[in-house]
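Worksheet: the structure to be examined is printed underneath.
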Amino acid sequence: MNKKFVALTAAALCVAAMGTMASAEEKGVIGVAMPTQDLQRWNQDGENMKAQLEEKGYTVDLQYAGNEVQTQVSQIENMIANGDQLLVIASIEGDSLGTVLAQAKEAGIPVIAYDRLIMNTDAVSYYATFDNYLVGKTQGQYLVDALDLENQDGPFNLEMVTGDPGDNNVNFFFGGAMDVLQPYIDEGKLVVPSGQMTKDEVATAGWDTATAQSRFENILSSYYADGTNLDAVLASNDSTALGVVNALAANYTGEYPVITGQDCDIANVPHIVDGTQAMSVFKDTRTLASKVVEMVDAIMQGGEAPVNDEETYDNGTGVIPSYLCEPTPVTVDNYQEILIDSGYYTEDQIQ
Ligand code: BGC
């Protein structure tokens, strides 16, 4: 190689490197507000968002709020004050961010609601999530099929556990499942011995496992201690399903019920494998993160974010343009392929 060529190449590389540095700096700071590190998925959501945004050259201001609404509000205030250029927010309580997001709007900062819709504020530009209604319907349909309700008269005993009443997703998870189950309840094929059937009666504050467990222990001692069989449990996600599984292990000796879940949390996978939880609905956080990164990139470049639903999610100020990713039902039959072969978990993690 001659000297002139080497010198020219070095100069070109230097210019190219400067160009990359400049673009990384110019790309800007993205605030990512996550609800809590106590529930498994948000750790993955946060890590995936951070890694994928950094790969695109953004600087990431990632915050977790310990499931405290006030902490999340302060974190968002700081993001605005620090000049973050776009906010991605998975809210703790959908209704509690109106005031702080009015400040974001005032400062011209676009907001993407992540996984959970933020309610009653016109500061939300976009929403990205999994199809929450389909999650609920999938859980309900799983129970219908497992109990063969089309052909059996029952009656079968059912109990229900959903999530935090301030999480707008609960309306879709529980609503979707009830749209499938209610006709069988009306027909008398499904019976709910506790009588607890409204969203508020079956809610679990903070989606907390111990809270779900203690409610379920009460149900078991009040309605099943006489040997009544429990046939099915609609649990809206894995942290609440785990509460049910724990309560059953210590307080129930009847025939084991069919239990649903969502997220395929590490703690639940062994239960799916040994049959103490029949299914879970997997929502690959890598998929959601990469879609949100696409949206961020489009908005930051002055364009419009990709959406595939412009009718379902009205946050009280109008419909928010949304991108809905597709959830995947997981059972003992496909967990290996969906969770392990895809690289989401290693074999060791779920032992
Ligand atoms: C999410 C679920 C999750 C739950 C508790 C919901 O908003 O959509 O995936 O299980 O919060 O973290």
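Atoms within each ligand, like the ligands themselves, are counted from 1 in listed order. Below, each value reflects all heavy atoms present in this structure, side chains not excepted, and no hydrogens, waters or symmetry copies.
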Quick one: look up the protein heavy atom nearest [atom] and list residue, atom name and how far away it is.
{"atom": "atom 10 (O) of ligand 1", "answer": "Asp263 OD2, 2.4 Å"}
{"atom": "atom 4 (C) of ligand 1", "answer": "Trp207 CE2, 3.5 Å"}
{"atom": "atom 12 (O) of ligand 1", "answer": "Trp42 NE1, 2.9 Å"}

| query | Looking just at side-chain N and O atoms, do Tyr344 and Thr285 make a donor-acceptor pair shorter than 3.5 Å? | reply | yes

| query | Is there a heavy atom of Phe130 sitting under 4.0 angstrom from any atom of ligand 1? | reply | no

Counting each atom of ligand 1 from 1 as listed, which ones have a heavy atom of [X] under 4.0 Å away?
{"X": "Arg116", "result": "4 (C), 5 (C), 6 (C), 7 (O), 11 (O), 12 (O)"}
{"X": "Lys283", "result": "1 (C), 2 (C), 8 (O), 9 (O)"}
{"X": "Asp167", "result": "6 (C), 7 (O), 11 (O)"}
{"X": "Phe173", "result": "8 (O)"}

| query | Would a line drawn from the ring center of Phe156 to the ring center of Tyr184 be shorter than 6.0 Å? | reply | no

| message | Is it the case that the ring center of Tyr313 lies less than 6.0 angstrom away from the ring center of Phe172? | response | yes

| query | Looking only at atom types and distance, does a side-chain atom of Lys283 sit under 3.5 Å from a main-chain N or O of Phe130, one as donor and one as acceptor? | reply | no

| Residues Glu47, Lys50: salt bridge by 4.0 Å N-O rule | no

| said: Taking the basic N atoms (NZ, or NE/NH1/NH2) and the acidic carboxylate oxygens, is any pair closer than 4.0 Å for Asp265 and Arg41? | reply: no

| How about Glu255: does its CD atom have over 12 heavy atoms from other parts shown lying under 6.0 Å from it? | no

| said: Nearest non-hydrogen contact with atom 8 (O) of ligand 1 belongs to which option: Thr285, Asp208, Asn237, Asp115? | reply: Asp115

